[in-house]
> 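Attaching a single structure in structure tokens format; questions to follow.
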Number of protein chains: 2
Amino acid sequence: MAVGRGGTKLKDIADLVGCSLATVSNAINGRGRMSEDMRREILAKCAELNFVPNSAGRSLRLQRADAVGVIYAPSFAELFGNIFYARIMEGLSETFGEAGLDLILGNRKDSDGLPSIVRQGKVDALVVLAGVFEADAYESLRNCPVPVCMVDGHVGALEADAVTSDGFGGGRLVAEYLVREGHQNVRMVAYKNPLYNIEQRIAGFLSGLRASGVEAREDDVVIRISDNAEAGERVLDSLESGEAPTAVFAVNDTLAEYLATELQKRGKNVPGDVSLVGFDDDPIARRCEPALTTVGMDKRVFGSISAGLVLERLAKPEKPLVHHVQPTRMVIRDSVSNLGG
Amino acid sequence: MAVGRGGTKLKDIADLVGCSLATVSNAINGRGRMSEDMRREILAKCAELNFVPNSAGRSLRLQRADAVGVIYAPSFAELFGNIFYARIMEGLSETFGEAGLDLILGNRKDSDGLPSIVRQGKVDALVVLAGVFEADAYESLRNCPVPVCMVDGHVGALEADAVTSDGFGGGRLVAEYLVREGHQNVRMVAYKNPLYNIEQRIAGFLSGLRASGVEAREDDVVIRISDNAEAGERVLDSLESGEAPTAVFAVNDTLAEYLATELQKRGKNVPGDVSLVGFDDDPIARRCEPALTTVGMDKRVFGSISAGLVLERLAKPEKPLVHHVQPTRMVIRDSVSNLGG
DNA sequence: CTGAAAGCGCTTACAG
DNA sequence: CTGAAAGCGCTTACAG
């Protein structure tokens, strides 16, 4: 089965054309000087037999795999059921494909947590989809012998190129927008789990409030939760209190959608009684009732940008680390009321 | 960078332990007879240095890649944004991972349409996610030199192991259920595009109707459409006609959900005016208003079953082709009314 | 302008 | 019980 059994090889082409196998290799790789006729004849024969040099032989000699690993956590279904990551994968697949690199899914791990494909030499680099990575996941990548590009992760956790969305800028945009619409007493709801992109959004939101002249103490503004159920209770509690907020910023659209449903169940009108903003511009935001005002970004390009970073790194291993920050923008729909003001 | 540069190799372990590299290889692969002490010492040293044999060297010698390619169409995002396929991928990844095989995404194609990874010798087999394959996609796989396992595709289009869901059985179940609930005048809505699993569902539905004593001419029952918009019109038309059906079976949940929305827009009540059944038990079925009665199957196992089939095929290349049919079941929710009867 | 040879890292008959 | 040697398919300095 498999690999070479009966498959065409360099030697076969050489015999057919009547030259040495070195010349065939040179023709294919566009090096060496030979007569135009010879080169054409060799290439024609290769095309005719659909010959492609065997990857194992090539890899062994060249000390490179022509493949990139993709690492993710926690589970494949969780990851790829998410259209955001599906889009990233598509971008990776396209850009690497054009460069002649294949994508390997690196789910197996060595005893020290490094993906097996790395020490097996199956990949030249790793793209790490780190959106929900815990600290120890980064730890195991620390001594990775191939370059790593981190997507949507905790910048600084690793010496690696990185691509993130501008959570800070997005948080700021939300604050500025809410204040402009007359909201001064606001809350942000975020998970306790200190993920990089969540912290960025919080920091940006607080910064935006302050820049808009609203005094914002983190402890007063940010409601830290462990799960959605807690979010529902805490927000409802705050609405019953003397200091009821007029707007709530949920750290992502899924949470915002949950809150909308929960609030409406308890007879609260959105945005009549309280305005709601999400983050991500997830497809769910559009389907929400009312349609959710949120923060969007061009997710399509995440994959191609990370792939580009990897390609550059492979070409120039010593170049300085790059951190690409993808801009975010307000996506205004129907979940925020204008308080006049 | 990459592969072996500075990486540990067999020779390094041999030098450290003080034996030949053949002995190290034997120890790792559990063959050859050697003293227990020697084997233990070698294995300990490998573990200490996290040594894994280089894949290119191994592949070249063994003529096998220890990897399986995954082929899909049309686009990655379309495929993996679908939780069904994400689940399949998860099952593949798990089962192959346990067997020491990695998964390669085979998006690049040779001039004759065969995935490049095949002739490059990067994979020992191909899993083909064929849910929306057109005929020419099968064509290019016809002369594939490695074994193929087709998932959710047109059985018979390829000499290959296959895994499908029991669309025929599911279609029958729907027919029997509808008749039991008193529906005799029914329609099925399906795309013109003659995909295997769609044809199966139609055939099963017609067979189920007949088995339940309902005379069913295909031309009367089946509404063939090119797109959703056409489906909406044709179904509404039929409801206005003298022979208005009491129930409509949509070939999948997405179409059913579209029809529900469309019917309700035109003032039709579901299931009051017309009952509706979908197929797939897509997450959307649960969210539908009313919740959609549909046909479900255990999709989780699709991946592990296909992976298992590949593993068996690799172990026994000449064994007869296997076609695994995954059973389907009725998932009864709120979109079908009981007509008494 | 073209070819013979070395060597990438590995496994496996085979010799001792 | 252990090791030396051949060879998987490829590319590249080097010799002619």
> Let's see if you get this right: which residues in residues 40-53 of chain B place a heavy atom under 4.0 Å from DNA chain C?
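By residue number: Phe51(B), Pro53(B).
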> Measure from the side chain of Arg61(B), starting at C-beta and using heavy atoms only, and say which of dT12(D), dT2(C), dC8(D) lies closest.
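Looking only at heavy atoms from C-beta outward on Arg61(B), the closest nucleotide is dC8(D).
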> In dot-bracket, 5' to 3', how would DNA chain C read with Watson-Crick or G-U wobble pairs under 3.5 Å, [ ] for crossing ones and | for pairs to another strand?
|||.||||||||.|||
> Rounding to a whole Å, what distance do you find between Arg31(B):CZ and dC10(C):P?
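In whole Å, dC10(C) P lies 16 Å from Arg31(B) CZ.
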> Identify which nucleotide among dT2(D), dT11(C), dG9(C) has an atom closest to any side-chain atom of Leu60(B), counting heavy atoms from C-beta outward.
dG9(C)
> Less than 3.5 Å apart, any donor N or O on the side chain of Ser93(B) or Asn107(A) sitting next to an acceptor on the other?
yes
> Among dC10(C), dT2(C), dC10(D), which nucleotide has an atom closest to any side-chain atom of Leu10(B)?
dC10(C)
> Would you mind reading off the distance between Asp37(B) atom CG and dC1(D) atom P, rounded to a whole angstrom?
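In whole Å, dC1(D) P lies 12 Å from Asp37(B) CG.
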> Among residues 15-28 of chain A, which ones have heavy-atom contacts with DNA chain D below 4.0 Å?
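Contacting residues: Ala22(A), Ser25(A), Asn26(A).
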> Does a sphere of radius 6.0 Å around NZ in Lys316(A) hold more than 12 heavy atoms from other residues, nucleotides or ligands, not counting ones at 6.0 Å or beyond?
no
> Report yes if a side-chain nitrogen or oxygen of Asn54(A) is closer than 4.0 Å to either non-bridging phosphate oxygen (OP1 or OP2) of dC10(D); otherwise report no.
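For dC10(D), neither OP1 nor OP2 has a side-chain N or O of Asn54(A) closer than 4.0 Å.
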> Looking only at side-chain N and O atoms, does Gln63(A) come under 4.0 Å of OP1 or OP2 in dG9(C)?
yes
> Could you tell me how far apart Gln120(B) (CD) and dC10(D) (C1') are, to the nearest whole angstrom?
13 Å
> Mind checking whether His154(A) and Tyr196(A) have parallel, tilted or perpendicular rings, split at 30° and 60°?
tilted
> For a 4.5 angstrom cut-off between non-hydrogen side-chain atoms, does Thr8(B) reach Ile13(B)?
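In contact.
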> Let me confirm one number: the CE-CD1 distance from Met150(B) to Ile71(B), rounded to the nearest 0.5 Å.
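Taking CE in Met150(B) and CD1 in Ile71(B), the distance rounds to 13.5 Å.
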